[in-house]
Amino acid sequence: MWDKKAMGYPRLDFLFQFPPTRFSSMFLTDYWNSFTARERRNMAIYILGIMLYKFGLEAFNGSIVTLATDRFKAANTFSKLGALTGLNQAMQVVGSILIAPLIKAFPTRSVLSSAILVFGLITTLFLIIDAATGGKPRINNGGKLKYGSWDPNALFPLYMISGIAYGMVELIRRIIPRDIVGGDVQKLKKMDATVHILYEIAGTCGALVSVKLIKVFGNNFSFLITPPLFALAGLTWRFIDQLNHGSDAAKVIDALDEGHTVGQGSYISSVFTGAKTFARSTYKGAVICFSHRRFIWLLPGYSFALYGHRYLENAISPAIAKRIMLDSSYSQIMVCGSNLGELFGAAFVLVTTTYIQTPLPFLRFDALALLIVWALPAYSHQIQPHQAFYAWRIAAMFIPVSMGWAAGDVSLAAFIQASLARMESTDTQVSALGSVMAFLYSSYIITYAILGSLLGTYIDKVFAKDGNIYRALVNIGGVHFTVLSAIIIASTMVPKGAFSFNPKMINDANLDGPTDLEQQREDVPEADSLPHEKQQEKDSGSTSSVERKPQ
């Protein structure tokens with residue numbers, strides 16, 4: 001299939017060897033047979049819940065961002081918006097620390113469903129506070145938007161609290177795929193891509209519905225669908241199996257692998273221990289990344305790329321919508337294009353998982369696609385206020401940009417999960433995978449918190465001086481994203497074997513097949529020889545006091 005004499009360059013003749021119907025049949029058959037019946041069942045339940053979650057999340061986040069841009073004063077709108085989103089993301093780290101002890105003590109499915117229910121309750125606070133202080137939906141006020149009398153600065157503590165709940169859900173969402181399908185990189189890529197595709201279908205629909213809801217109810221009540229959707233997601237996740245927590249023998253292997261001891265302390269002491277462990281894990285992750293050539297490129301490849309994607313959606317889109325289109329709800333139309341691009345990127349990874357076996361080609365495409373943002377400063381001069389047509393055109397520009405990011409993110413996440421899973425037993429104090437992910441995500445949070453606020457202040461200053469943000473778009477869109485592109489491209493040249501256009505393997509590591517820990521579990525008859533029904537009975541009746549491995 002591949003021309004080995006061409007330094008990894010793909011031959012394209014394989015595309016014409018099979019009719020489309022035969023190719024799709026072979027692809028679907030191979031995909032279906034990649035997973036066991038139990039894995040397929042858990043994937044289906046998990047994906048249904050994640051789609052409900054994403055739909056509600058888009059309505060909530062879109063409403064809060066437009067609410068903030070409308071209610072903050074013009075002199076500091078985007079500096080405050082940058083600080084608001086940065087603090088929300090920082091509190092996600094706190095949420096992950098708070099939930100870590102619960103993951104050890106209770107089944108993953110129970111913690112996940114409970115966390116989303118808490119998130120749903122917190123989102124209702126926004127609705128209650130606005131209604132209690134005189135706010136009214138647009139549809140019930142003669143088509144006019146009426147906000148409550150509460151101080152808009154109250155968005156900071158409220159959005160920070162929601163960030164804690166958001167972090168709880170996101171922590172589990174990012175690591176549960178390995179729980180469901182194991183450490184095989186091909187299975188992880190297929191599951192991650194499938195989840196991402198359906199996740200972004202829900203996100204695209206949620207962003208479109210959010211635009212309509214903001215028009216009908218106003219951005220102070222447009223996320224009224226979020227609490228019931230979160231409740232449905234939590235109920236759906238309750239039906240996921242208890243995964244790899246079934247047997248006492250498997251638990252002992254987990255505990256020994258992580259260096260845990262038998263017994264549990266109080267929750268508060270566990271939280272403090274979790275905070276110390278997170279700090280130690282972040283430090284350990286930094287050591288792993290900066291002391292290994294095969295991992296040092298993950299910082300720009302993952303953290304900086306994620307920062308660029310989030311800044312595009314959470315800062316540039318609202319700035320264009322508010323300051324040029326004069327309608328903050330149009331930012332959700334642009335986010336819709338971004339979500340659609342993520343869908344295409346995940347689908348591309350799923351289809352090419354056999355032919356493109358490392359994340360490097362996807363990351364390079366992501367870096368080059370960032371240069372499309374240069375089109376925004378030039379195009380913004382043509383935009384007429386209150387015309388949704390222009391927002392849809394910008395949404396179309398965002399599709400290839402987000403497609404590149406999603407393809408890189410899905411493949412890189414699978415690469416990290418698979419490669420770091422093989423280092424689990426090398427450190428008895430902290431997990432290598434958890435440490436690296438903690439470091440990478442913390443790096444993204446810090447980067448966004450600093451640059452988001454600084455660049456937001458710059459946008460406000462340019463608007464105060466020029467009366468528009470055209471000059472700011474050149475720097476925050478063109479120059480800013482060009483620097484990110486150059487850094488990401490350079491990082492893809494670091495791993496061994498990376499100079500090939502499409503390397504089959506980097507760092508001489510074979511990531512296919514189960515990890516050593518999973519192979520040990522296969523050798524434990526008590527864990528795998530039981531029929532599915534008996535295994536579930538054993539799961540529900542197990543009362544072992546051994547702490548579980550964080551999932």
Do T447 and F304 have side chains that get closer than 4.5 Å, going by heavy atoms? yes
Working to the nearest 0.5 angstrom, can you tell me the gap between K215 NZ and L145 CG? 11.0 Å
Are I476 and I469 side-chain neighbours, meaning at least one heavy-atom pair lies under 4.5 Å? no
Take H309 and Y444, measure what ring pair (Phe, Tyr, Trp, His ring centres under 6.0 Å) needs, and give me the verdict at the end. CA-CA 11 Å; H309 177 72; Y444 151 68; 10.0 Å; no
Just by distance, do the side chain of D130 and the backbone of G148 share a donor-acceptor pair under 3.5 Å? yes
Just by modelled atom types, is the L235 backbone N or O under 3.5 Å from a matching donor or acceptor in the S113 side chain? no
What's the shortest heavy-atom distance between L229 and L52, and which atoms? CB-O, 3.8 Å
Run the numbers on F221 and I139 for side chain to side chain contact (heavy atoms under 4.5 Å, CB included), then give the verdict. CA-CA 10 Å; F221 286 95; I139 194 173; over 6 Å; no
Identified ring pair (Phe, Tyr, Trp, His ring centres under 6.0 Å) counterpart of F415 within the set Y302, F362, W297: W297
With a 3.5 Å distance limit and no angle check, can you tell me whether S453 reaches the backbone of G82 through a side-chain donor-acceptor pair? no
Only counting residues at least two apart or in another chain, list the ones meeting ring pair (Phe, Tyr, Trp, His ring centres under 6.0 Å) with F398. none
L117 to A231 - nearest heavy-atom pair and separation: CD2-CA, 3.6 Å
Can you tell if the side chain of E342 reaches within under 4.5 Å of the side chain of D409, non-hydrogen atoms only? no
Drop me the distance from I416's CD1 to S411's OG, to the nearest 0.5 angstrom. 9.5 Å
Please lay out, stage by stage, how K190 and S34 fare under the test side chain to side chain donor-acceptor pair (under 3.5 Å). CA-CA 9 Å; K190 289 176 181 178; S34 297; 2.8 Å; yes
If we ignore hydrogens and angles and just use 3.5 Å, is the side chain of T123 paired with the main-chain N or O of G120 as donor and acceptor? yes
Could you check L306 against L440 for side chain to side chain contact (heavy atoms under 4.5 Å, CB included), going step by step and ending with a plain yes or no? CA-CA 10 Å; L306 177 58; L440 293 177; over 6 Å; no
Looking at I487 and P300, what are the two nearest heavy atoms and their distance? CG2-CB, 3.7 Å
Heavy-atom side-chain proximity of V94 to M91 below 4.5 angstrom: yes
Of all the heavy-atom pairs spanning A74 and R323, show the shortest one and how long it is. O-NH2, 3.4 Å
My understanding is that only one of I122, I116, L121, I225 makes a side chain to side chain contact (heavy atoms under 4.5 Å, CB included) with F230; could you say which? I116
Name the orientation class of the two ring planes belonging to Y448 and Y307 (parallel below 30°, tilted from 30 to 60°, perpendicular beyond 60°). perpendicular
Under the 3.5 angstrom rule, does the side chain of S485 hit a backbone N or O of F481 as a donor-acceptor pair? no
If every non-hydrogen atom of A90 is compared with every non-hydrogen atom of I445, which pair is closest and at what distance? CA-CG2, 3.6 Å
Just to verify, what does Y379 make a side-chain contact (heavy atoms from CB on, under 4.5 Å) with, not counting sequence neighbours? Q382, I383, Y390, R393, I394, M397
With side chain to side chain contact (heavy atoms under 4.5 Å, CB included) as the criterion, how do F463 and K322 come out once you've worked through the C-alpha distance, each side chain's angles and the decisive distance to 0.1 Å? CA-CA 11 Å; F463 180 74; K322 181 66 176 178; over 6 Å; no
Go through it in stages, so that I can follow the logic: the residues are N314 and T85, the test is side chain to side chain donor-acceptor pair (under 3.5 Å), and I'd like the CA-CA distance, side-chain angles, deciding distance and then a yes or no. CA-CA 8 Å; N314 297 336; T85 53; 5.6 Å; no
For the residue pair W150 and N220, establish whether any side-chain heavy-atom pair is separated by less than 4.5 Å. no
Can you measure from CD (Q89) to OG (S442) and round to the nearest 0.5 angstrom? 12.0 Å
Counting C-beta onward and ignoring hydrogens, is there a side-chain heavy-atom pair between L360 and R364 closer than 4.5 Å? yes
Using a 3.5 Å distance criterion without hydrogens, assess whether the side chain of D460 forms a donor-acceptor pair with backbone atoms of F78. yes
How close do S329 and V211 get, heavy atom to heavy atom, and via which atoms? O-CG2, 4.0 Å
Student check: side-chain heavy atoms of L158 and I129 closer than 4.5 Å: yes
Just verifying a value: how many Å separate E58 CD and L213 CG, rounded to the nearest 0.5 Å? 12.5 Å
If you count every heavy atom of other residues, nucleotides or ligands that lies below 6.0 Å from Y147 atom OH, does the total exceed 12? yes
Are the aromatic ring centres of F126 and F60 under 6.0 angstrom apart? yes
Distance col, row S331:OG vs I316:CD1, nearest 0.5 angstrom, shows 12.5 Å
Do side-chain atoms of N42 reach the backbone of I180 as a donor and acceptor pair under 3.5 angstrom? no
Evaluate the ring planes of Y199 and H196, with Trp represented by its six-membered ring, and classify them as parallel (under 30°), tilted (30 to 60°) or perpendicular (over 60°). perpendicular
Take V181 and M43, measure what side chain to side chain contact (heavy atoms under 4.5 Å, CB included) needs, and give me the verdict at the end. CA-CA 9 Å; V181 300; M43 283 175 59; 4.1 Å; yes
Within-4.5 Å side-chain heavy-atom neighbours: M403 and L340: no
Under a 3.5 Å distance rule, please check whether T69 uses its side chain to pair with a backbone N or O of A319 as donor and acceptor. no
Return yes if some donor-acceptor pair links the side-chain N/O of S149 with the main-chain N/O of T133 below 3.5 Å, else return no. yes
Assign the ring pair Y53 / W237 to parallel, tilted or perpendicular, where the plane angle (0 to 90°) is split at 30° and 60°. tilted
Under 3.5 Å, is there a donor-acceptor pair linking the side chains of Y458 and N475? yes
Spatial distance of atom CG (L299) from atom OG (S491) [nearest 0.5 Å]: 9.0 Å
